[in-house]
Amino acid sequence: MQLASFIARRILQLIPTLLFILIVVFALVRLLPGDPASAMLGDRALDADVERINRELGLDRPLPVQFAVFARSVATGDLGDSITLKLPVTELIATRLPITILLTLMAALIAVVFAVPLAFVAATRRGRMADSAVRGAFQVGLSMPVFYLGLILLTVFGARLRWFPVGGYGDGFLEHLHHLFLPALTLALSLSAILMRNLRAAIIEVIDAEYVQFARAKGLRPRLVLLRHVLRNALISTVALFGLSIGTLLSGAVITETVFAIPGAGRLMVDSIYARDYPVVQGLTIALAVLVSLTFLLTDLVQAWLDPRVAR
Amino acid sequence: MKTLSIAALTAALFLGGLTDASAQDRGGVMTYGRYTDSLFLDPVLNDANVDIWILTNIYETLLNPTDDGLGLEPGLATEWALNEAGDTVTLKLRDGVRFSDGTAMTAEDVIWSLDRARNPDNGIWNFVLASVDSVSAPDPQTIELKLKYPDPTIFSALSVFNTAIMPKAAFEAMVGATDAEKAQEFAKKPIGTGPFMLDSWERGATMKLVKNPNYWDNGADGQPLPYLDGLTFEIIPDDATRILKLQAGDIDGAEFIPFARVAELQADPNVKMELFPGTRVWDVIINVRPELDGRPNPLSDEKVRQAMNYAANKEALVQVVTYGVGTPLSSFMSTTTPMHSGDGPLFPHDLDKAKALMAESGYPDGFKTSILTIAGNQDDLGISTALQQMWAAIGIELEIKQVDNASRTDQYRAGTFEMRTGGWTNDIADASQITSYFAYSPTIDALHSGWKNAEVDALFEASQKRWTRPSGRNSSRGSRKSSTRPGRPSRFMKRPIPWRLARM
């Protein structure tokens, strides 16, 4: 019951957040220098053509009117048509966003698979060789630029060893997974470095706590102590950090999608900003805002499960 | 007087392991790596090069430019003629042309396509046919264009992508109330007379073209063209990844090869790296308005601009930016433009002369100014940092401002920029288009520089309404002479068109 009201409360909080995002994104894209017609027509545009196309797009109308039209269509689930691609924005989001979500999920999974065991190794062998090696390796992972790391992986595992395709997305789910592995790994490395450092510190803090010493003194098996008492408690802050990092992962996907030639939402967003394609930028921002908000909600739920005090 | 020419490159980049067409191998699919996807496949309403390069595979025009870009050859029309008065064009349509859906191309399709292309409400390319008063068909195989005034560019205009022939009935059968709405539907599955047709299109990822089974032309072996079964375009935005994919053999060809990689790829035995002449011109545009932002503009001083031109070493710029692939320009247009003239370099590098001109100018102690470049564009950065050093020698402090393209276009169109890097490729095989933008002030204030010369404007206008040869043209010479005379500090860089895939 408590949990249900917690979820309901959080979803209600989402509504003003989204409304706020709606206004901000509407204003922000229009504050950018230039307009869709001149961005589309480029350097050779004639004034008359720019005016005609902006009029056709309804961009000559007063801003409050434009916002009212925009807000009303969003309320009915219509995000308008892309100015450059002449396709409904909802259709574009439906085809491009799942690719980015899959990439982000794979990256998050890989990051966790790397970070959790290694954090344990480093924390339980604090100050020893294994600890230094793990931390050193992740330092490198953290400081390497994504585009550079991506190219190295592509060259070695794609072009040379032929284990993975050199960029692209492929056809069918299994091929998608195959194509997305290297980009997900690229994205995951820096995230897992952050998670690993955080988790290692948390484990070190918990491992010396009195309740853990008490659990050990009770004679519980060390494995059980680590899993039930140490990990569960150490994970609380890491889960929060992980949730926050999803937003960062989504923005990191922009560069990764470019290097690995993946037709995801990140690239669509960048292209649309450059083209001043207002409807796409607005629609994608709203979709991403919902996505990130849902991730935060999920994070809170996991935290509440780990530490019931959170939901109170 | 408004621009700085940098250098010209008479080469273009094409890269790949393409099969030699003369061997007449048939079948197979060519996979080609593109830097970005197309947007909208309508020849009349589209605006972008990325569309044009695909459209030329799907649609065809009445006439085609020759391979060197300097002349015309038959397309969907086999004969073309102009009457004595120069106001009526007659074209004979090719027999047996079918659209990719199997229906025959008729004179009605041609009239409708040209009328749609010249409608002032449609797109931004209707100016190409501005001289046309009416289009009619005296008989089913003949098309007649009545002109409002003699137009020396009319035949070239009939080879421009927006005058491509589309099927009237199929287009009008689309759902939608307006031409634009019908075009949105039609462009999802275009029907043309070209050698290929659109099979599938995953936005941002892959576009597949397959051979048009109804294509009219035959190959060297007497069998119908095209030789290939299909063309697959893969979108690979990152230059390094695109080249890696080519070297790995995943794709057969790639576009937009950075100049820095040309020598490396020429040495690669698995890759055939070809350079061919293009119409690309690179320039630096100088705002010559007397005041900018309420302050006097030193760039309005002609002596200053001449000094800047002499101080800029174009040979060095060609080396820095293109690794020696280009050549300094001898005119503001490329040597591949019909009626190009000029044989010597404009403003050959001469630092003493530059210093002397600065001393004579209104700014003997130099000044501060800025150049707008595209953030992340290595070529822009190369040009601007080199110019920064070259102009420091004559007391000019150059600030490099990096912005995104739309922001730059905004300042450009408003005329509030000081300088910017610029580029040009011809759409029409004629000198008139580039001249109308670079020199003729009514189009866009001579590249929004504010430069205006009444004599140039008058000469250009006269050249656009007069034939000096019945079947060709050479009349814009006057306007070009005046715009490239020594007082005009033009310095341009010409660069290759990356690729042209019009005829496979």
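Order of the sequence lines fixes the chain letters, A, B, ..., with proteins taken first and strands second; residue numbering starts at 1 for each chain.
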Quiz item: Does A:D43 reach the side chain of B:R420, with side-chain heavy atoms less than 4.5 Å apart?
Solution: yes
Practice problem: Please flag which part of A:T155 lies under 4.5 Å from any non-hydrogen atom of chain B: side chain, backbone, both or neither. | Solution: both
Self-check item: Any donor-acceptor pair under 3.5 Å from B:T241 side chain to A:V259 backbone
Solution: yes
Self-check item: Atom pair OG1/OH of A:T258 and B:Y35 - distance to nearest 0.5 Å
Solution: 13.5 Å
Quiz item: What part of A:D47 gets closer than 4.5 Å to chain B, counting heavy atoms only: side chain, backbone, both or neither?
Solution: both
Quiz item: Can you say whether A:D277 sits under 4.5 Å from chain B via the side chain, the backbone, both, or neither, judging by heavy atoms?
Solution: neither
Quiz item: Got a second to check how far A:F260's CZ is from B:D238's CG, nearest 0.5 Å?
Solution: 9.5 Å
Practice problem: Below 4.5 Å from any heavy atom of chain A, which atoms of B:Q247 appear? Answer side chain, backbone, both or neither. | Solution: neither
Exercise. Under 4.5 Å, counting heavy-atom pairs only, tell me which of A:L32, A:I53, A:I262, A:T84 racks up the most with chain B.
Key: A:T84
Quiz prompt | 4.5 Å side-chain heavy-atom contact, A:L85 and B:F40 | solution = no
Quiz item: At a heavy-atom separation under 4.5 Å, does B:Q433 approach chain A through its side chain, its backbone, both, or neither?
Solution: side chain
Quiz prompt | B:K208 atom NZ, neighbour heavy-atom count above 12 within 6.0 Å | solution = no
Self-check item: B:F186 atom CZ, neighbour heavy-atom count above 12 within 6.0 Å
Solution: yes
Quiz item: So which of B:D239, B:I235, B:N405 has the biggest tally of heavy-atom pairs under 4.5 Å with chain A?
Solution: B:I235
Exercise. State plainly whether the residues A:K86 and B:D42 are in salt-bridge range, i.e. N to O under 4.0 Å.
Key: no
Exercise. Would you mind checking which part of B:T443 comes under 4.5 Å of any heavy atom in chain A, side chain (CB onward), backbone (N, CA, C, O), both or neither?
Key: both
Quiz item: For B:Q184, is it the side chain, the backbone, both, or neither that has a heavy atom closer than 4.5 Å to a heavy atom of chain A?
Solution: side chain
Quiz item: Is the closest side-chain heavy-atom distance between A:L87 and B:R203 below 4.5 Å?
Solution: yes
Self-check item: Best-contacting candidate, B:A183, B:G123, B:A48, against chain A by heavy atom pairs under 4.5 angstrom
Solution: B:G123
Quiz item: So does B:D250 pair up with A:R162, basic N to acidic O under 4.0 Å?
Solution: yes
Self-check item: Leading residue by heavy atom contact count with chain B [cutoff under 4.5 Å; candidates A:A275, A:G168, A:A45]
Solution: A:A45
Exercise. Report the distance from atom CG of A:L41 to atom CD1 of B:I124, rounding to the nearest 0.5 Å.
Key: 4.5 Å
Quiz item: So which part of B:A205 gets closer than 4.5 Å to some heavy atom of chain A, the side chain, the backbone, both or neither?
Solution: both
Quiz item: Are A:R276 and B:D404 ion-paired here, with the side-chain N under 4.0 Å from a carboxylate O?
Solution: yes
Quiz item: With only heavy atoms counted, which part of A:Y274 is less than 4.5 Å from chain B, the side chain, the backbone, both or neither?
Solution: both
Quiz item: In terms of heavy-atom proximity below 4.5 Å to chain A, should B:R413 be classed as side chain, backbone, both, or neither?
Solution: side chain
Exercise. Considering non-hydrogen atoms only, spot the tightest contact between A:G42 and B:T409 and give its length.
Key: O-CG2, 3.8 Å
Quiz item: Salt bridge or not for A:R267 and B:D37, using N-O below 4.0 Å?
Solution: no
Exercise. Output the option from B:P237, B:A248, B:G249, B:A240 having the highest count of non-hydrogen pairs under 4.5 Å with chain A.
Key: B:P237
Practice problem: Over all heavy atoms of both residues, which pair between B:T425 and A:R44 is shortest? Give the atoms and the distance, please. | Solution: O-NH2, 2.6 Å
